[in-house]
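Since the structure comes first, as structure tokens, the remarks are kept for the end.
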Amino acid sequence: MATLLVKNADVLVTMDQTRREISGDIFVQDGVITAIGETPQIADEIVDAKGCVVTPGLVNTHHHLYQTLTKAVPGGQDALLFGWLQTLYPIWGKMGPEHMFVSAQIGLAELALSGCTMSSDHLYLFPNGVRLEDTIEAAQTIGLRFHPTRGAMSIGESDGGLPPDSLVEQESAILKDSIRLIDAHHDASDGSMLRIGIAPCSPFSVSRELMRDAAILARDKGVMLHTHLAENDEDIAYSLEKFGCRPGQYAEDLGWVGQDVWHAHCVKLDAVEIDLFARTGTGVAHCPCSNCRLGSGIAPVRAMRDAGVNVALGVDGSASNDSGSLIAEARQAMLLQRVQNGADSIGAREILEIATLGGAKVLGRQDCGSLEIGKRADFAIWDMSGLQNAGSWDPVAALVFCGPQKVRDLYVEGRAVVQAGNLTGIDLPVVVEKANRLAQGLVG
């Protein structure tokens, strides 16, 4: 029986039912927290957390890992969503399996170093022999819990869609491959390191029939559903013109609401749609940095939270964020809600809850998201003794307000993913060099 003791933490941010913040230790046996606060002092591995805040691992609920090789691309830097996509589709169409693998390694490395223990991914194009396994294998080298989704695009430009025809697939092939992936890889058990979801890209790149059939298939297989929804004004206009209704009504009509569904962005949800999501337990992945980058707007997080909607954070793809830091995303989320609703509208602790427990809830992970006996041992250890925190009074709030932006140690299932600020699973400089070489090959 493998045991781990994290001792002497200044603050343990438990995110339990009473949101306790205590000092002391965490004891782990075989990847599960078995004691917290006062714990045994003997273990196979002992980690001293004096001077540190320990939080549950942050959870990323929306990403496009393949985009990590297309940061700050000229022509897309100052575009709105649809124009940005049209600039980048031809570049993404050049990518192959190695691009996907290395891009996912880089994106997941950024997440891990920013305190993230679990991430979803939305891969919706499969050029040149790419398979979802390319990203799954990359996640295994980093060591994060992984919720990849089999995305898809089926309506190309010639049929009135946004993507080029070369990047769309036949809908029968999409559903067949979704079944293959679920049967081969999905693990629904507690402590699972890998769960597959189904994720048609968006209402403007797949048919009504595929949205409906994907929902039927997901429920038959017991997996979750994910897509983009109500991201900006163009998105709303498209829905009204093509479907004669707003995105929320479209989603409801096709079975895309419920506790097994989460939507990315939702910047333009109205009051009726917010109520729909609250009543049905539908989750939202809030991506503030990407929404700023693309000029999409500020999502109504305060209104959603007040209504009872399950809200989590997502960094989104690095082509529309240019970073993959989840702790930075948390700070941005807090600041934007204050811009929109006032300085007292949301605090650092509520944002940390959204970034940890909120993410676990949205991804259907009752076994993760808090530091409690019986939960999986996924946590981040933040050294608060450095320059960024010099002069700070409240160490928990300071984590969001001040930093650090980089975790000292990160544990997933009781295994070290980051130690002393360094990834344990890969030689990062080597992977960075490879990523730069591959990105340069996409230029031109």
Side-chain angles (χ1 to χ4, degrees), residues 2-59 112-118 143 326-327 330-331 347-357 359-360 367-422 424:
T3 55
L4 166 69
L5 172 65
V6 177
K7 66 178 186 178
N8 302 326
D10 286 10
V11 186
L12 301 172
V13 183
T14 67
M15 290 299 167
D16 64 10
Q17 288 189 344
T18 60
R19 305 298 187 263
R20 289 184 306 152
E21 295 174 8
I22 59 177
S23 59
D25 309 338
I26 303 172
F27 192 74
V28 177
Q29 293 181 325
D30 290 339
V32 177
I33 297 171
T34 57
I36 190 163
E38 296 292 332
T39 69
Q41 296 299 304
I42 299 174
D44 298 324
E45 180 183 358
I46 298 177
V47 178
D48 191 351
K50 184 175 178 56
C52 298
V53 169
V54 181
T55 68
L58 309 187
V59 179
L113 291 169
S114 70
C116 177
T117 54
M118 177 162 57
L326 201 50
I327 193 65
R331 186 174 190 272
R349 284 169 169 82
E350 185 174 0
I351 286 294
L352 279 177
E353 179 183 321
I354 291 170
T356 56
L357 187 62
D367 54 342
C368 300
S370 61
L371 304 180
E372 297 182 80
I373 293 172
K375 292 292 186 80
R376 313 310 295 193
D378 293 8
F379 49 83
I381 302 175
W382 307 89
D383 184 355
M384 307 300 286
S385 65
L387 175 64
Q388 288 178 294
N389 295 107
S392 64
W393 291 28
D394 178 347
V396 177
L399 180 57
V400 177
F401 279 108
C402 311
Q405 296 293 304
K406 185 177 181 182
V407 76
R408 191 195 81 176
D409 306 300
L410 188 74
Y411 283 81
V412 178
E413 194 74 359
R415 296 185 291 265
V417 172
V418 177
Q419 283 185 317
N422 296 304
T424 63

Separation between [atom1] of [X] and [atom2] of [Y], rounded to the nearest 0.5 Å:
X: T55; Y: L357; atom1: OG1; atom2: CG; value: 12.0 Å
X: L113; Y: Q405; atom1: CG; atom2: CD; value: 12.0 Å
X: K375; Y: I373; atom1: NZ; atom2: CD1; value: 12.0 Å
X: R376; Y: T117; atom1: CZ; atom2: OG1; value: 12.5 Å
X: L5; Y: E45; atom1: CG; atom2: CD; value: 9.5 Å
X: D10; Y: I22; atom1: CG; atom2: CD1; value: 13.0 Å

Note, [X] side chain near [Y] side chain (heavy atom, < 4.5 Å):
X: I327; Y: L399; value: yes
X: L4; Y: F27; value: no
X: W382; Y: V54; value: no
X: P404; Y: M384; value: yes
X: F379; Y: V6; value: yes
X: V53; Y: V13; value: yes
X: L371; Y: I26; value: yes
X: L352; Y: V400; value: yes

When you look at Y411 and V418, which way does the side-chain contact (heavy atoms from CB on, under 4.5 Å) test go after all the steps? CA-CA 7 Å; Y411 283 81; V418 177; over 6 Å; no

For the residue pair [X] and [Y], what are the closest heavy atoms and their distance?
X: T356; Y: G57; value: CG2-O, 3.8 Å
X: C368; Y: M118; value: CB-CE, 4.2 Å
X: L410; Y: A112; value: CD2-O, 3.4 Å
X: P395; Y: V11; value: CG-CG2, 4.0 Å
X: C402; Y: S392; value: SG-CB, 4.4 Å
X: I351; Y: A330; value: CG2-O, 3.2 Å

Does [Y] offer a backbone N or O that forms a donor-acceptor pair with the side chain of [X] under 3.5 Å?
X: S114; Y: L326; answer: yes
X: T14; Y: R20; answer: yes
X: R408; Y: A420; answer: no
X: D25; Y: A9; answer: no
X: K7; Y: A49; answer: no
X: D378; Y: E413; answer: yes
X: S370; Y: D16; answer: no
X: D409; Y: A380; answer: no

With sequence neighbours excluded, give me every salt bridge (charged side-chain N to carboxylate O under 4.0 Å, His left out) pair touching residues 379-395. R349-D394

Test: side chain to side chain donor-acceptor pair (under 3.5 Å). Region: residues 26-37. Which pairs qualify, not counting sequence neighbours? none

Do T3 and D44 have side-chain atoms, one donor and one acceptor, less than 3.5 Å apart? yes

Going through the distances and angles, do E21 and V396 end up as a side-chain contact (heavy atoms from CB on, under 4.5 Å)? CA-CA 9 Å; E21 295 174 8; V396 177; 3.6 Å; yes

